[in-house]
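In listed order, ligands and their atoms are each counted from 1. The first residue of the sequence shown is numbered 1, and numbering continues consecutively from there.
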Amino acid sequence: MTDRDASPLMQVQAKIARAASNAGRSADDVALVAVSKTKPVEAITPLIEAGQRRFGENRVQEAQSKWPALKDAHRDIELHLIGPLQTNKVKEAVALFDVIETVDRPKLARKLADEIAKVGTAPRLFVQVNTGEEDQKAGIAPKDLPGFVDYCRKDCGLTIEGLMCIPPVDEESALHFALLANLARDAGVPLLSMGMSADYETAVRHGATHVRVGTALFGARA
Ligand SMILES: *Cc1c(COP(=O)(O)O)cnc(C)c1O
């Protein structure tokens, strides 16, 4: 079977494997997060049936309407929050998500720590970095990252497993991926969530351990 005949899922998996191999990495070291925001359960189920287990959603409320039943039916699903988290939604987010990729300010880190202490289970946490220092985008500025990771670890007792970024649309994403990889190495953070439909192969070349792919799997969003 050629790539062209394969399902979108198989095509993306094959491209990840090829990019990893070209970079001297193992495809097993790159996790595909299927971004299902705005897509209904009927669009998600075929991917679950094909074996996909990691999914990403942008909004807590939308995820609450789609995922509790799916997670009950498939206990090994890993759900990632990849959109901004309001502090008044922390309780719901900690209850539903396995990974929160968008820790982006001290007040949120503190709230997460309090909720985690209260319920006794913790989602895995990534810090979002605003690598392009764009005003309209969430995330910690690169220069503030070391101090913020320190605050999460020492003051809040949180484990930060990864960094995440969304590069500016009009810039070479490779530069942002390289920057994120450097920041992660300097901060002693092992995982890197970077790369979307347009640039996930580039991200794999730069060390992504998680790529977040929506359009290439589900088609364009309305
Ligand atoms: C929507 C979204 C994606 C997926 O983007 P595509 O271009 O559809 O692959 C990845 N990451 C974040 C944070 C998103 O909001």
Salt bridge Arg124-Glu78, side-chain N to carboxylate O under 4.0 Å | yes
Which protein N or O atoms sit under 3.5 Å from any N or O of ligand 1? Give atom names and distances.
from     : atom 1 : to     : atom 2 : distance (Å)
ligand 1 : 8 (O)  : Thr215 : N      : 2.8
ligand 1 : 8 (O)  : Thr215 : OG1    : 2.5
ligand 1 : 8 (O)  : Arg221 : NH1    : 2.8
ligand 1 : 8 (O)  : Arg221 : NH2    : 3.1
ligand 1 : 9 (O)  : Ser197 : N      : 3.0
ligand 1 : 9 (O)  : Ser197 : OG     : 2.5
ligand 1 : 9 (O)  : Gly214 : N      : 2.8
ligand 1 : 11 (N) : Arg212 : NE     : 2.9
ligand 1 : 15 (O) : Lys37  : NZ     : 2.7
ligand 1 : 15 (O) : Asn58  : OD1    : 3.3
ligand 1 : 15 (O) : Asn58  : ND2    : 3.4

Determine, for Lys154 against Asp150, whether the closest basic-nitrogen to carboxylate-oxygen distance falls under 4.0 angstrom.
-> yes
Give a yes or no on whether a salt bridge exists between Glu201 and Arg205, defined as a side-chain N under 4.0 angstrom from a carboxylate O.
-> no
Does Thr209 reach the main-chain N or O of Val30 with its side chain, forming a donor-acceptor pair under 3.5 Å?
-> no
Below 4.0 angstrom, N of the basic side chain to O of the carboxylate: do Lys137 and Glu134 qualify?
-> yes
Any Lys/Arg nitrogen of Glu92 or Lys89 sitting under 4.0 Å from an Asp/Glu carboxylate oxygen of the other?
-> no
